[in-house]
Amino acid sequence: MTTRIGSYFPDRDQSPLSSEDAKIVGRFHDLYYRRWLEGSDTINLNWFGYPLLKCPMDLWIYQELLVRTRPDVVVETGTFCGGSALFIAMICDQIGHGRVITIDIEPKPNPPQHPRISYVTGSSIDPSIVKETHLSVGSERAMVILDADHRAEFVFEEIKAYSPLVQAGDYLIVEDSNVNGHPAYPEFGPGPMEAIEKFLSEQDDFSIDARCERFLMTLNPRGYLKRKEKRSS
């Protein structure tokens, strides 16, 4: 059964943080992520009993974007245990629209089964997987969430491969751009943030939607990329 959808969506630019407040946010973010690296469970979540590695505030933003934009398909790279794919599929149930294609080179056994979820096994940058995904999406509207290998060069290849699926007004989300000192896990090395910066420096089709970071805590800083509307000639 679908849920009647309201019409309220927060849609305004947020006031800038003071330098001191920005430092507090950065310190908390570092603590939040570092505790997970040290064996605590800050980002070890479950959705209906299936694990997923997310920040709850990012999941709330995902829900808002799904309800607001109502994509025909969500392409997710990095299935892990399938918890995030199930989260998205169940939001789509409530909307009454949408499906999920989730890709992983080595998914965990016994992922959740749901009629809206299609599992694809392989590298998300393998040309055959990219082609298969593009054919599956076709002309439908897609939201893309990248959460596979976080090395900068890999993420950049993913962005190039899947950004063409995103239509004007829709979203490409690059996860875990917080690593390599942005502001967490500085020893990681070049990662998603560096891939984002390279991508944005080479094209003008996407812009960062800072409104998606209004909760201050996000594992995806500068990672919510919205495709710009086409300019009328």
Grouping I, L, V, M, F, W and Y whenever their side-chain heavy atoms are under 4.5 Å apart, do [X] and [Y] come out in a common cluster?
{"X": "L219", "Y": "F80", "value": "yes"}
{"X": "Y119", "Y": "L146", "value": "no"}
{"X": "M193", "Y": "L172", "value": "no"}
{"X": "I125", "Y": "V137", "value": "no"}
{"X": "Y62", "Y": "L86", "value": "yes"}

Give a yes or no on whether the ring-centroid distance for F199 and F206 is below 6.0 angstrom.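 Yes: the rings meet the under 6.0 Å criterion.
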Between Y33 and W36, is the ring centre distance below 6.0 Å?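 For Y33 and W36, the ring centres are under 6.0 Å apart.
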To the nearest 0.5 Å, what is the distance between [atom1] ([X]) and [atom2] ([Y])?
{"X": "I196", "Y": "S201", "atom1": "CD1", "atom2": "OG", "answer": "12.0 Å"}
{"X": "N46", "Y": "F87", "atom1": "CG", "atom2": "CZ", "answer": "12.5 Å"}
{"X": "F156", "Y": "E197", "atom1": "CZ", "atom2": "CD", "answer": "12.5 Å"}
{"X": "E175", "Y": "S84", "atom1": "CD", "atom2": "OG", "answer": "7.0 Å"}
{"X": "D176", "Y": "L53", "atom1": "CG", "atom2": "CG", "answer": "8.5 Å"}
{"X": "H182", "Y": "N178", "atom1": "NE2", "atom2": "CG", "answer": "9.5 Å"}

Do [X] and [Y] have side-chain N/O donor and acceptor atoms under 3.5 Å apart?
{"X": "S124", "Y": "E158", "answer": "yes"}
{"X": "D209", "Y": "Y171", "answer": "yes"}
{"X": "T102", "Y": "T79", "answer": "yes"}
{"X": "H114", "Y": "D93", "answer": "yes"}

Identified side-chain contact (heavy atoms from CB on, under 4.5 Å) partner of M143 from the options I88, L65, V166: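 With M143 as partner, I88, L65, V166 yield a single side-chain contact (heavy atoms from CB on, under 4.5 Å), made by L65.
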Given 3.5 Å as the limit, does a donor-acceptor pair link the side chain of [X] with the main chain of [Y], or not?
{"X": "H150", "Y": "V179", "answer": "no"}
{"X": "R35", "Y": "Y32", "answer": "no"}
{"X": "S163", "Y": "I159", "answer": "yes"}
{"X": "T218", "Y": "N220", "answer": "yes"}
{"X": "Q167", "Y": "S139", "answer": "yes"}

Report the C-alpha separation of R151 and E194 in whole Å, then their side-chain angles, then the decisive distance to 0.1 Å, and conclude whether the salt bridge (Lys or Arg N to Asp or Glu O under 4.0 Å) test is met. CA-CA 9 Å; R151 293 172 297 166; E194 288 70 27; over 6 Å; no
Check the pair V155, V174 against side chain to side chain contact (heavy atoms under 4.5 Å, CB included), reporting the backbone distance first and the verdict last. CA-CA 8 Å; V155 178; V174 183; 3.7 Å; yes
Please report the shortest heavy-atom distance between [X] and [Y], naming the atom on each side.
{"X": "G82", "Y": "P112", "value": "O-CG, 3.4 Å"}
{"X": "E229", "Y": "A168", "value": "OE1-CB, 3.6 Å"}
{"X": "A148", "Y": "F154", "value": "CB-CE2, 4.0 Å"}
{"X": "A89", "Y": "R116", "value": "O-CD, 3.6 Å"}
{"X": "P111", "Y": "K108", "value": "CD-O, 3.8 Å"}
{"X": "I105", "Y": "P107", "value": "C-CD, 3.8 Å"}

State plainly whether the residues [X] and [Y] are in salt-bridge range, i.e. N to O under 4.0 Å.
{"X": "E213", "Y": "R222", "result": "no"}
{"X": "K54", "Y": "D58", "result": "no"}
{"X": "R141", "Y": "D72", "result": "no"}
{"X": "R227", "Y": "D170", "result": "no"}
{"X": "E153", "Y": "K198", "result": "no"}

Quick one: are [X] and [Y] in side-chain contact, heavy atoms under 4.5 Å?
{"X": "Q94", "Y": "Q63", "result": "no"}
{"X": "T77", "Y": "I145", "result": "no"}
{"X": "C92", "Y": "R99", "result": "no"}
{"X": "Y224", "Y": "I208", "result": "no"}
{"X": "L45", "Y": "P56", "result": "yes"}
{"X": "D204", "Y": "K228", "result": "yes"}
{"X": "E157", "Y": "K160", "result": "yes"}
{"X": "I101", "Y": "E76", "result": "no"}

For K131 and L135, what are the C-alpha separation, side-chain angles and deciding distance, and is it a side chain to side chain contact (heavy atoms under 4.5 Å, CB included)? CA-CA 6 Å; K131 181 178 179 180; L135 288 173; 4.1 Å; yes
Are there more than 12 heavy atoms of other residues, nucleotides or ligands under 6.0 Å from atom CD of E106?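 Count not over threshold, so no.
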Counting neighbours of CG on N110 that are heavy atoms of other residues, nucleotides or ligands and sit closer than 6.0 Å, is the number greater than 12?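 No, CG of N110 has 12 or fewer neighbouring heavy atoms, counting only those of other groups under 6.0 Å.
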Evaluation steps, side chain to side chain contact (heavy atoms under 4.5 Å, CB included), between T121 and I129: CA-CA 8 Å; T121 300; I129 297 295; over 6 Å; no
Begin from the C-alpha positions of I173 and L225 and carry the test side chain to side chain contact (heavy atoms under 4.5 Å, CB included) through to its verdict. CA-CA 6 Å; I173 302 169; L225 306 181; over 6 Å; no
